[in-house]
Amino acid sequence: MNLPKSADIAVIGGGIIGTSIAYHLARRGADVVLLERNRFFGEESTAKAAGGVRAHFGTEVNVRLSQISLAEFERFEAETGYSPSFVRRGYLFVLTMEAEVRAFKAKFPMWERLGTRTEWWAGDAVRARFPMMRWDDALGAVWGPDDGLADPGSAVQGYVSAGSRAGAKFFTGADVTGIKTARGRVEAVVTSAGEIAARRLVIAAGAWSGEIGRLAGVEIPVIPLRRQILVTAAIPEIPPDFPFVFDFAKSLYFHKEGPGLLIGMSNPDQAPGFDQTVDADWEVATLEAAAARMPLFERAGIARRWAGLYEMTPDRHPLIGPLPEIEGLYIVAGFSGHGFMHGPAAGKIAAEELIDGRATSLDATPLRPDRFARGAAIHEEIVI
Ligand SMILES: Cc1cc2nc3c(=O)[nH]c(=O)nc-3n(C[C@H](O)[C@H](O)[C@H](O)COP(=O)(O)OP(=O)(O)OC[C@H]3O[C@@H](n4cnc5c(N)ncnc54)[C@H](O)[C@@H]3O)c2cc1C
């Protein structure tokens with residue numbers, strides 16, 4: 001492998017976030033190198049994502065990140081030559097508790113102001129739309145008709161391929177093992193394949209971003225948290241337009257995946273850590289919860305199962321911007337389980353920050369990594 005001796009900007013991590021950043025930087029003429037330690041790009045959290053893309057978040061900054069991404073997904077194929085298989089199949093948050101109904105209804109004025117199409121469905125409408133599910137306890141639901149699904153692998157390939165054409169240099173097998181600084185600023189990045197002199201370094205290492213920060217002696221509040229998924233064998237009764245359906249109180253979700261269903265459920269007792277094995281107790285609990293909502297599911301076998309890592313921050317919003325401790329060190333990580341859908345926006349915004357000095361597509365100041373020290377955390381409630 002022939003790593004360059006120097007680059008203006010080095011990006012650490014070749015998931016959706018790093019590849020999107022490298023692509024957007026190269027399109028704007030920057031001299032950028034991306035370093036990924038695995039054999040392939042996008043093999044970690046990005047490959048484990050359920051592919052959901054939605055605009056219905058509880059904070060304005062998260063909604064805006066989604067809106068930028070939704071527009072980027074629309075033009076992705078024309079720009080990169082790769083189809084991200086983006087389909088607007090819709091997202092439905094089904095609510096079974098009065099407190100949830102109040103919390104979601106309180107967001108309607110914001111969604112309307114920001115131009116995000118939203119419908120309120122009564123419980124009967126949910127039951128009529130999904131006769132194959134049991135929704136006796138549904139009080140109502142929030143429907144996002146413009147939300148949908150996309151394919152993480154294709155999106156990463158599109159960014160790597162179009163980014164390379166635009167001049168970015170992408171490397172796999174380059175494990176970042178050190179960060180050299182002098183007089184409080186970044187000088188070089190050290191990898192298993194050699195050293196690159198760079199005055200600007202972007203940490204986009206997902207759940208591993210805290211480890212990278214430690215290489216530079218900086219504490220980064222990103223915690224790895226296991227999340228797991230099951231995919232069933234074929235269920236012919238599921239119609240092709242079956243959307244992304246959430247049982248919000250149970251953190252349980254379903255969407256159509258090939259001929260079967262993809263099912264995910266958060267474990268509220270999950271301890272932080274890098275364990276990516278599938279937990280047998282979680283699987284039993286998920287099978288029971290899924291079968292209670294969708295009896296059809298009892299007849300379908302499990303075709304695949306996997307575990308991956310969310311990259312949680314204390315306020316469930318990403319960290320985007322310079323790390324004040326070391327000049328030239330940036331972070332774009334901690335998307336708290338929404339990094340696939342926010343990846344296109346993250347790359348665009350990061351390129352604006354690095355080239356123009358500040359983001360212009362949205363006000364990124366609420367996402368600055370020093371917000372916790374400033375007492376300016378922003379809390380997101382609509383997370384799974
Ligand atoms: C089960 C599950 C379901 C999910 N569903 C969705 C969903 O529906 N929608 C959604 O938007 N998001 C979803 N997510 C979250 C989404 O997958 C992540 O937010 C997103 O992939 C984060 O992207 P990333 O590029 O930051 O991280 P990653 O894809 O993990 O990329 C980080 C990269 O950094 C590399 N790296 C780490 N250390 C080093 C080093 N020392 N040197 C070089 N490289 C290094 C890693 O190898 C890795 O490739 C889900 C996640 C899980 C686990």
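Source: prediction; values computed, not measured.
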Spacing of CD belonging to E327 relative to CZ belonging to R200, to within rounding of 0.5 Å: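 Spacing of CD (E327) from CZ (R200) equals 10.5 Å.
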
Nearest-0.5 Å distance that lies between atom CG in L362 and atom OG1 in T365: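 L362 atom CG to T365 atom OG1 measures 8.5 Å (nearest 0.5 Å).
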
Only distances under 3.5 Å count here; give the side-chain donor-acceptor pairs of residues 234-255 to other protein atoms, sequence neighbours excluded, each with its distance to 0.1 Å.
{"unit_1": "D247", "atom_1": "OD2", "unit_2": "R293", "atom_2": "NE", "d": "2.8"}
{"unit_1": "D247", "atom_1": "OD2", "unit_2": "R293", "atom_2": "NH2", "d": "3.2"}
{"unit_1": "H255", "atom_1": "NE2", "unit_2": "A50", "atom_2": "O", "d": "2.8"}

Decide yes or no for [X] and [Y]: does some side-chain heavy atom of the first lie under 4.5 Å from some side-chain heavy atom of the second?
X: R368; Y: R374; result: yes
X: Y310; Y: S336; result: no
X: V176; Y: V190; result: no

Intermediate values then yes/no, side chain to side chain donor-acceptor pair (under 3.5 Å), H338 and E311: CA-CA 9 Å; H338 309 106; E311 64 302 40; over 6 Å; no

Ring-ring centroid check F57 H342, cutoff 6.0 Å: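 Close enough - the centres of the two rings lie under 6.0 Å apart.
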
Contacts of type side-chain hydrogen bond (donor to acceptor under 3.5 Å, both in side chains), residue S85, not counting sequence neighbours: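 S85 satisfies side-chain hydrogen bond (donor to acceptor under 3.5 Å, both in side chains) with no residue once adjacent residues are dropped.
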
Given N62, I382, L70, L149, the one that forms side-chain contact (heavy atoms from CB on, under 4.5 Å) with R54: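 When side-chain contact (heavy atoms from CB on, under 4.5 Å) is applied between R54 and each of N62, I382, L70, L149, only I382 qualifies.
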
Ring pair (Phe, Tyr, Trp, His ring centres under 6.0 Å) partners of residues 267-308, not counting sequence neighbours, each pair once: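 Only W208-F274 qualify under ring pair (Phe, Tyr, Trp, His ring centres under 6.0 Å).
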
Should we count [atom1] of [X] as having more than 12 external heavy atoms under 6.0 Å?
X: E74; atom1: CD; value: yes
X: M97; atom1: CE; value: no
X: D356; atom1: CG; value: yes

